[in-house]
Asks: 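One structure, pasted below without further comment.
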Amino acid sequence: MSDQGRSAGGGRGNLTLLSEMGSDAVAPADGLALTDDESAVDELEAGGGAVLADEVCWVLGPFDNEEAVDITDERLAVSWMRERYERDVDYWVLLGPYAGQAPASSMLQELKKQRIDSYLIRRGEMENAISLGVFSDESRAERHASTMRSRGYAVEIRRVADEAIRLWLVYRGADQGGDFDASMAFMESNKSNSAELSKKSCELIASYQEFD
């Protein structure tokens, strides 16, 4: 049903109560977030400048660090860009948090008597809350929450995600000429199973942050 073995407290960022998210909020897409549709992209750091009408953008990646590819050749018109994104998103079905450990422990004992799988979170952002399940799929979390509400428990769902950074090698410029030819040949030669080369919207690339 759920993965109750995951860490319950510290070390996770971006903890969000689902009821506080707007109706038009966009959840991060699984896997490669870099798409032509900006609405499908996770949070991106601002930067990159205005988009010119006649420029094209090609990206290679993702990479964990800039040492992965040497771009010191002066013929190349490529640069590293940084994307901030969310990974390992979980949905926690919770009671509380309570004002202290005593009321939380009292509720935990009640749940145990009802043979409801649960445990008390003792530290972190959700300290003194009671977890009734951890799900990687939001719809499963919603179904479980609905079941618990039907049994009289005022549960909430919290979305918890780790924030991470990944790097992309970017060509942004004219679609012909020496810079384009040299850069595209270089990027083609550095493709791999984990680093894909693809043409992307320059409006999307403009929202990335240049790597210092």
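Numbers here are sequence positions counted from 1.
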Asks: Does Glu67, at its CD atom, have more than 12 non-hydrogen atoms belonging to other residues, nucleotides or ligands within less than 6.0 Å?
Replies: yes

Asks: Could you state the interatomic distance from CD (Glu127) to OH (Tyr98), rounded to the nearest 0.5 Å?
Replies: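 So the CD of Glu127 and the OH of Tyr98 are separated by 14.5 Å.
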
Asks: For the backbone of Thr147 and the side chain of Ser150, can you confirm whether one donor and one acceptor N or O come within less than 3.5 Å of each other?
Replies: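 Yes, Ser150 side chain to Thr147 backbone: donor-acceptor pair under 3.5 Å.
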
Asks: What distance separates Leu120 CG from Arg123 CZ, expressed to the nearest 0.5 Å?
Replies: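 Output value for this atom pair is 11.0 Å.
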
Asks: To the nearest 0.5 Å, what is the distance between CG (Asp88) and CD (Glu86)?
Replies: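 Between atom CG of Asp88 and atom CD of Glu86 there are 10.5 Å.
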
Asks: Sub-3.5 Å donor-acceptor pair from the side chain of Ser183 to the main-chain atoms of Phe180, do we have one?
Replies: no

Asks: Which salt bridge (Lys or Arg N to Asp or Glu O under 4.0 Å) pairs, counting each pair once, include a residue from residues 144-155, with sequence neighbours left out?
Replies: none

Asks: Any heavy-atom pair between the side chains of Leu197 and Trp58 that's under 4.5 Å?
Replies: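 Counting from C-beta outward, Trp58 and Leu197 do come under 4.5 Å.
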
Asks: Looking at His144 and Leu132, what are the two nearest heavy atoms and their distance?
Replies: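 Scanning both residues, the minimum pair turns out to be NE2-O, 2.8 Å.
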
Asks: Looking at Asp64, I want to see if its CG is surrounded by more than 12 non-hydrogen atoms of other residues, nucleotides or ligands under 6.0 Å.
Replies: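 No.
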
Asks: Between Trp80 and Leu169, is there a side-chain heavy-atom distance shorter than 4.5 Å?
Replies: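 Result yes, sub-4.5 Å side-chain heavy-atom pair found.
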
Asks: Please determine whether side chain to side chain contact (heavy atoms under 4.5 Å, CB included) holds for the pair Leu167 and Met81, giving the CA-CA distance in whole Å, both sets of side-chain angles, and the decisive distance to 0.1 Å.
Replies: CA-CA 6 Å; Leu167 301 180; Met81 303 295 284; over 6 Å; no

Asks: Would you call Glu66 and Arg82 a salt bridge, taking side-chain N to carboxylate O under 4.0 Å as the test?
Replies: no

Asks: Give, for atom CG of Leu108 and atom CD1 of Ile116, the distance between the pair rounded to the nearest 0.5 Å.
Replies: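 Interatomic distance, Leu108 CG to Ile116 CD1, rounded to 0.5 Å: 10.5 Å.
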
Asks: Among pairs that include at least one residue of residues 93-184, which meet disulfide (SG to SG under 2.5 Å), considering only residues two or more places apart or in two chains?
Replies: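 Every candidate disulfide (SG to SG under 2.5 Å) pair involving residues 93-184 fails, so no pair, neighbours aside, qualifies.
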
Asks: Are any non-hydrogen side-chain atoms of Val93 and Glu142 less than 4.5 angstrom apart?
Replies: no

Asks: Where do Leu94 and Ala129 come nearest, in terms of heavy atoms and distance?
Replies: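 What the structure gives for the nearest pair is CD2-CB, 4.4 Å.
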
Asks: Establish, yes or no, whether the cationic atom of Arg166 lies under 6.0 Å from the six-membered ring centre of Tyr85 and within 45° of the ring axis.
Replies: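 Satisfied, under 6.0 Å and within 45°.
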
Asks: Checking Glu196 against Lys191 for the salt bridge (charged side-chain N to carboxylate O under 4.0 Å, His left out) test, could you report, in this order, the C-alpha distance in whole Å, the side-chain angles of both residues, the deciding distance, and whether it holds?
Replies: CA-CA 6 Å; Glu196 297 182 352; Lys191 289 193 305 183; over 6 Å; no

Asks: Spell out, as yes or no, whether a donor-acceptor pair under 3.5 Å connects the side chain of Lys112 to the backbone of Ser118.
Replies: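 Yes, Lys112 side chain to Ser118 backbone: donor-acceptor pair under 3.5 Å.
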
Asks: Closest heavy-atom contact between Ala182 and Leu76?
Replies: O-CD2, 3.7 Å

Asks: Would you say Met126 and Pro97 make side-chain contact, with heavy atoms under 4.5 Å?
Replies: no

Asks: If you take all heavy atoms of Tyr91 and Ala141, which pair is closest and at what distance?
Replies: CB-CB, 3.7 Å

Asks: Is there a donor-acceptor pair closer than 3.5 Å between any side-chain N or O of Ser105 and the backbone N or O of Gln101?
Replies: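 Such a contact is found between Ser105 side chain and Gln101 backbone.
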
Asks: Kindly compute the distance separating CG (Asp90) from CD1 (Ile157), expressed to the nearest 0.5 Å.
Replies: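 Atom-to-atom, Asp90:CG and Ile157:CD1 are 12.5 Å apart.
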
Asks: Specify the closest pair of heavy atoms between Ala145 and Val155, including all atoms of both residues, with the distance to one decimal.
Replies: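 Minimum heavy-atom separation between Ala145 and Val155: O-CG2, 3.6 Å.
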
Asks: Apply side chain to side chain contact (heavy atoms under 4.5 Å, CB included) to Val59 and Ser198, showing your working.
Replies: CA-CA 6 Å; Val59 299; Ser198 55; 3.8 Å; yes

Asks: If you take all heavy atoms of Asp137 and Arg140, which pair is closest and at what distance?
Replies: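 Looking at all heavy atoms of both residues, the shortest contact is OD2-N, 3.0 Å.
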
Asks: Within the 4.5 Å heavy-atom criterion, are Val78 and Met187 side-chain neighbours or not?
Replies: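 Counting from C-beta outward, Val78 and Met187 do come under 4.5 Å.
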
Asks: Any chance you could measure Lys200, atom NZ, to Cys57, atom SG, to the nearest 0.5 Å?
Replies: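 The SG atom of Cys57 is 11.5 Å from NZ of Lys200, to the nearest 0.5 Å.
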
Asks: When you look at Tyr119 and Ile121, which way does the side chain to side chain contact (heavy atoms under 4.5 Å, CB included) test go after all the steps?
Replies: CA-CA 7 Å; Tyr119 71 94; Ile121 301 171; 4.2 Å; yes

Asks: Could you check whether any side-chain heavy atom of Tyr171 comes within less than 4.5 Å of a side-chain heavy atom of Phe186, counting everything from C-beta outward?
Replies: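 Side-chain contact under 4.5 Å: no.
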
Asks: Determine whether Leu111 and Gln109 make a side-chain contact, defined as any pair of heavy atoms from C-beta on separated by less than 4.5 Å.
Replies: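 The answer is no; the side chains never approach within 4.5 Å.
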
Asks: Taking only residues two or more places apart in sequence, or in another chain, which ones meet Tyr153 in a side-chain hydrogen bond (donor to acceptor under 3.5 Å, both in side chains)?
Replies: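 Tyr153 satisfies side-chain hydrogen bond (donor to acceptor under 3.5 Å, both in side chains) with Glu110 once adjacent residues are dropped.
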
